[in-house]
Number of protein chains: 2
Amino acid sequence: MARQPIGWLRTQANRNTRQEILQAAAMLFSKQGYVGTSLVDIAKIVGIKAPSLYNHFKTKNEILFTYIVDGINALYDVCLQNVTEAKDTAQDKLYAYVFSHTLSLLESQETSTLSGQHHLNENFMLPEQLEQTNALQKKQVRLLKDILMRGKSDGVFQITDITVTTFFIMGAVEHSIYWFQKEARLSEKDVAHLVAENALALVKKP
Amino acid sequence: MARQPIGWLRTQANRNTRQEILQAAAMLFSKQGYVGTSLVDIAKIVGIKAPSLYNHFKTKNEILFTYIVDGINALYDVCLQNVTEAKDTAQDKLYAYVFSHTLSLLESQETSTLSGQHHLNENFMLPEQLEQTNALQKKQVRLLKDILMRGKSDGVFQITDITVTTFFIMGAVEHSIYWFQKEARLSEKDVAHLVAENALALVKKP
DNA sequence: CCTACCGATCGGTAGG
DNA sequence: CCTACCGATCGGTAGG
């Protein structure tokens, strides 16, 4: 290889490699799971040898944690922006939230984080890391819950138990990733739209 | 040990051990995932040594497959029975389905199959096994979908896209397992009831 | 960023 | 049902 055998410390190439590692890990973790993905697998995609990964991350665990935190944050940012930009009614905010959350999951299907894996990941994360990711997940749930509470107090939503309905909608959204590919009839946007419409129908006052 | 070193072939004890293995595997797989569970882990719970597992299963893969198929079948049987026994209206059938499905998941939380893991399991199952489990899952989806179709043609449900609404409800149900434990305020039956009420509200005609 | 290498653990086999 | 053991693979380290 023409790569420099010396002088690799603190070069600008490092930044690039770090991102490439995270990207490769994201794809493999979501496809094969954490334990099912070896450092050799990740390194191969990046085009380096496995031990070189330790120039960018202290442990395999650190790669997992970074991947998860990045994924949650990216999703939250998209949802928050769409909700903020939406018209100022509970219905529009709810549509914006569900639509953007669903669409984000479907479009980044190969690198998604939240869908189904958090449960398994719990076994490979340190207690301190778990606290952090749980806090981030709660922020995400809060975003949806606040919309539902506002709609209820505005008198436009009918909801018996806000917690249950929040998780009901959240579960439906996050599960969309599992069956989407099987229905070529509908595009990602079609599905996101229909899921959002279902969420609205669920809380609509008769 | 007082166990017979010889004469263990085809004794009645075998039947028992096989079930014990499946039970142990179910708990560990759902808690640690397939790759995260070693044969030593399973054997330890049963009270035997790892190589002895091969008297009951040809491979670790076969244990996984049996565990999954058993789980899906048990769930389906419960749901079908509850739906059949319910009053003969689409609303009652829908309530019966969602309530029994949710309750089954919450009550057998440690050994559940369908929730979130099928995606990961796909990587460790043979194509022929995948075909079989997919067929079983489709049967489960069909059970719910038929109720929705019937309600729509009876004119009591309002549904834009039956496929999307089917998976919307299915996703909400299967996700209940992830957040349930955090809400000690509600019992398993409380949650199952509220989830079923949400499903009804979703399809109710205004 | 590499090569060389380590201890630990895994699924599975042989043979009784 | 056991003990003894195998090849393969894993995450991670040493040293340059």
Side-chain angles (χ1 to χ4, degrees), chain A residues 1-22 24-25 28-29 31-67 120-121 123-126 129, chain B residues 1-22 24-25 28-29 31-67 120-121 123-126 129:
Chain A
M1 301 290 280
R3 291 216 194 203
Q4 277 182 303
I6 258 183
W8 47 267
L9 273 171
R10 288 167 210 156
T11 69
Q12 56 179 7
N14 275 350
R15 298 267 164 96
N16 242 329
T17 304
R18 193 187 149 92
Q19 284 310 311
E20 286 175 37
I21 292 170
L22 285 174
L28 291 172
F29 286 166
K31 209 166 64 177
Q32 314 174 355
Y34 178 63
V35 244
T37 301
S38 74
L39 297 180
V40 172
D41 292 337
I42 299 173
K44 202 168 282 174
I45 291 183
V46 179
I48 61 180
K49 299 297 179 181
S52 300
L53 295 171
Y54 288 86
N55 285 302
H56 304 274
F57 299 92
K58 265 177 249 171
T59 61
K60 185 189 180 185
N61 192 351
E62 192 181 306
I63 301 180
L64 173 70
F65 182 64
T66 309
Y67 147 72
L120 282 173
N121 288 335
N123 298 291
F124 310 108
M125 287 175 59
L126 306 172
Q129 295 176 328
Chain B
M1 301 290 280
R3 290 217 195 202
Q4 277 182 301
I6 258 184
W8 46 268
L9 272 171
R10 288 166 210 155
T11 70
Q12 56 178 7
N14 275 351
R15 300 268 164 97
N16 242 330
T17 304
R18 192 187 151 93
Q19 283 310 310
E20 285 175 38
I21 292 170
L22 285 174
L28 292 171
F29 286 165
K31 208 165 66 178
Q32 314 174 355
Y34 178 63
V35 244
T37 301
S38 73
L39 296 179
V40 172
D41 292 338
I42 299 174
K44 202 169 282 171
I45 291 182
V46 179
I48 60 179
K49 299 295 179 182
S52 300
L53 295 171
Y54 287 86
N55 285 303
H56 303 274
F57 298 92
K58 264 178 248 172
T59 62
K60 184 188 181 187
N61 192 349
E62 191 181 306
I63 301 181
L64 172 70
F65 182 64
T66 308
Y67 147 71
L120 282 174
N121 289 336
N123 297 292
F124 309 108
M125 287 174 60
L126 306 172
Q129 295 176 328

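Given the structure is predicted, the values throughout are model-derived calculations rather than measurements. Lettering follows sequence order; numbering is per chain, from 1.
- Note on ring orientation: taking the six-membered ring where Trp is involved, the planes of F124(A) and Y34(A) are tilted (angle from 30° to 60°).
- Rounded to an integer number of Å, the gap from I48(A) CD1 to dC1(C) C1' is 8 Å.
- Between F57(A) atom CZ and dT13(D) atom P the separation is 16 Å, expressed in whole Å.
- One can place OH of Y54(B) at 15 Å from P of dC1(D), the figure rounded to the nearest angstrom.
- H56(A) and T17(A) get closest at one heavy-atom pair: NE2-CG2, 3.4 Å.
- The phosphate of dG11(C) has neither OP1 nor OP2 within less than 4.0 Å of any side-chain N or O from T59(B).
- One can place NZ of K44(A) at 9 Å from P of dC10(D), the figure rounded to the nearest angstrom.
- Rounded to whole Å, atom C1' of dG12(D) lies 8 Å from atom CG of L39(A).
- Annotation: of the two residues near DNA chain D, K58(A) and D41(A), the 5′-most nearest-nucleotide partner is D41(A).
- Distance CD1/I63(A) to CG/L39(A): 6.0 Å, rounded to 0.5 Å.
- Between the CG atom of N61(B) and the C1' atom of dG12(C) there is a distance of 13 Å, given to the nearest Å.
- Here S38(B) reaches the OP1 or OP2 of dC10(C): one of its side-chain N or O atoms lies under 4.0 Å away.
- The base-pairing partner of dG15(C), taking Watson-Crick or G-U wobble contacts with both distances under 3.5 Å, is dC2(D).
- We find that CD1 of I42(A) is positioned 14 Å from C1' of dG12(D), with the value rounded to whole Å.
- Taking 4.0 angstrom as the limit, K60(A) places a side-chain polar atom (N or O) nearer than this to OP1 or OP2 of dG11(D).
- The nearest whole Å value for the distance from the NZ atom in K49(A) to the C1' atom in dG12(D) is 17 Å.
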Run the numbers on N61(B) and Q129(B) for side chain to side chain contact (heavy atoms under 4.5 Å, CB included), then give the verdict.
-> CA-CA 10 Å; N61(B) 192 349; Q129(B) 295 176 328; 3.2 Å; yes
